[in-house]
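FYI, side chains are in, hydrogens and waters are out, and symmetry mates aren't considered; it's all heavy atoms of this structure.
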Amino acid sequence: MEKNRKKKRISILVLTALLVLLLTITACQSEPNEPEVVADAPEAEEVEEAPAPTPEPEPIPDQSMYLADWEAGPHSTYDLGHGPNTWCARCHSPQNWDPEAFQGPPPDCFSCKFDHEDEPRIAPGNALILEDEWVSITCNQCHQVDENGTAGEVAWLNPISMEYVEVKTTTELCEKCHVTTNGNAFGSGVDHKITLGGSAHLNYGGFINEVTPPQYCTDCHDSHTAEPTYCSGCHDVTTSETHAAVNFMLETVSCMACHDASGLDVGPNPDDETAKWTTTLTEMGRSGPSTSAVISHSIVHEVLCDRCHFEGNTWELMVLTEDGEVPEVEEPGT
C-alpha cells in the first residue's frame, strides 16, 4: 500500500515537470523574442581640427639702397636748365611728356632757364612743368612694381598707354631714351645721341681673353646712379707689361683718351679741375659753342700716339709716331 503511494507521488511530480516544460515551450513560441537590451555606448567626443597655420608673408626686400642710389643719380633730378617741359620730358620724365608738345622757334624754343636769367623762358609749344609735378624717371618707369612698392623685372612703362612694354635686355631699356639715331621710342626727334660703336670693345676678342667683354649698358654703368665702371674695374692696368712705359701717365690721362675709336676730340677735361685728359665733344648750344667731356663707348686696344703727339699740336706735346717712337729727323742735305 505504501509502495503504491510512492509510485503515485513520483508520477504526479513527473507530470508536473512535463506540464511546466510544455508551458515554457508554448510561451516561447507565442511571444516574440525581446531584443537584448544593450547599454548605450557613450558618444565619441568630436575632435575639432586645428586651423591650418597661416603662412608667414614673405619679407619685403630692402630696396632702400637702390632708392638712395637713384636719388643721387641723374634720373631723379629736376633742373630748370635741362628742360623740365612737356617736350623734353619725353626722356627726362616720360610720365610728364605731352605728345602734342612741339619745339618752338628760337630764342624761346623750349621752356627752360639759363643760369644768367632770373626767370625761366616760357615757350608756346611746351609748357613748363613745376618741380612738385615733375615725376622724373622713377622705379615704375623701368620696373614692374608690385603693391608693396617692390621693383621687379625690368620693363618699360609706355607713358601714353601706361602699360608695360617687354624689353629683352637692359640695353634695350636704356635705348628707350638713350637713342643712337635721330628719334626715340615714341617717334619724336631728339638730337642727344650717344656715341656707340657696337659692343663697348670693338676688337676685344683679338687681344684679351681673360675677361668677358661687356655686352649690355649695365655691364659698365650702375643702373641707378649711372656711374661708369672704369677700365681698372676689369683690367689691372698698373701691373700690365703693356702699360709699363706709360704708367706715369695714368694720373693725367684717362684710358679713353688713348683707347677711343669714335673719332672724338681728345684734350684736357674742361669739367675737371685736375684737367685730366679725356675724350671731349664741342657742340653749338643756345649760347654758342661749348666743349664738354664725354665718355666714349667705342673702345679699341690699339693706340695711335700721333693722334695727340702730332707736329704743331697746340699742347706743345712731344712729336711721336703712331707707334710712340720719336721720329727720325732728316739731316739737312740728305
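A single hydrophobic cluster is not seen to contain both Val145 and Val154; linkage of ILVMFWY side chains at heavy-atom distances under 4.5 Å, directly or through other members, places them apart. Tyr164 and Met162 fall within a single hydrophobic cluster, where Ile, Leu, Val, Met, Phe, Trp and Tyr side chains are chained together by heavy-atom contacts under 4.5 Å. When hydrophobic clusters are built by joining Ile, Leu, Val, Met, Phe, Trp and Tyr residues whose side-chain heavy atoms come closer than 4.5 Å, directly or via intermediates, Val266 is grouped together with Val253. Residues Leu67 and Val135 do not share a hydrophobic cluster, defined by chaining ILVMFWY side chains whose heavy atoms lie under 4.5 Å apart.
Panel note: side chain Glu117, backbone Phe114; a donor-acceptor pair is recorded below 3.5 Å. Side-chain atoms of Gln63 come within 3.5 Å of backbone atoms of Ala151 as a donor-acceptor pair (strictly under, hydrogens ignored). Trp156 places no side-chain N or O within donor-acceptor distance of the main-chain N or O of Cys174, the cut-off being under 3.5 Å. The backbone N or O of Asn126 lies less than 3.5 Å from a partner atom in the side chain of Ser111, making a donor-acceptor pair. A donor-acceptor contact shorter than 3.5 Å is absent between the side chain of Thr291 and the backbone of Thr282. His143 places a side-chain N or O within 3.5 Å of a backbone atom of Gly152 that can act as its donor or acceptor partner.
Classification of Arg90 and Asp98 as a salt-bridged pair fails, no side-chain N sitting under 4.0 Å from a carboxylate O.
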Next item on the list: Tell me, with the steps shown, if Asp118 and Lys113 meet salt bridge (charged side-chain N to carboxylate O under 4.0 Å, His left out).
Entry: CA-CA 8 Å; Asp118 295 328; Lys113 179 181 178 299; over 6 Å; no
Next item on the list: Apply side chain to side chain contact (heavy atoms under 4.5 Å, CB included) to Arg121 and Asp108, showing your working.
Entry: CA-CA 6 Å; Arg121 301 185 182 200; Asp108 298 331; 3.2 Å; yes
Notebook entry, point to check: Taking it one step at a time, do Asn158 and Glu163 satisfy side chain to side chain contact (heavy atoms under 4.5 Å, CB included)?
Noted result: CA-CA 6 Å; Asn158 186 306; Glu163 294 180 351; 5.5 Å; no
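For Asp132, there are no side chain to side chain donor-acceptor pair (under 3.5 Å) partners, not counting sequence neighbours. Residues satisfying the side chain to side chain donor-acceptor pair (under 3.5 Å) test with Asn85, not counting sequence neighbours, are none.
At most 12 non-hydrogen atoms from other residues, nucleotides or ligands lie less than 6.0 angstrom from CG of Asp115. The neighbour count for Tyr216 OH, taken as heavy atoms of other residues, nucleotides or ligands under 6.0 Å away, does not exceed 12.
For Ser64 and Asp62, the side-chain atoms include at least one donor-acceptor pair closer than 3.5 Å. At a cut-off of 3.5 Å, with distance as the only test, a side-chain donor of Thr138 or Asn140 sits close to an acceptor on the other residue.
Atom SG of Cys255 sits about 10.5 Å away from atom CE of Met249, to the nearest 0.5 Å. From Trp87, atom CH2 reaches atom CZ of Phe110 across 6.0 Å, with rounding to the nearest 0.5 Å.
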Let me have the donor-acceptor pairs involving side chains of residues 310-317, under 3.5 Å, with sequence neighbours excluded, atom names and distances please.
unit_1: Asn313; atom_1: OD1; unit_2: Trp315; atom_2: N; d: 3.1
unit_1: Asn313; atom_1: OD1; unit_2: Glu316; atom_2: N; d: 2.8
unit_1: Asn313; atom_1: OD1; unit_2: Leu317; atom_2: N; d: 2.7
unit_1: Asn313; atom_1: ND2; unit_2: Phe310; atom_2: O; d: 2.8
unit_1: Asn313; atom_1: ND2; unit_2: Leu317; atom_2: O; d: 3.0

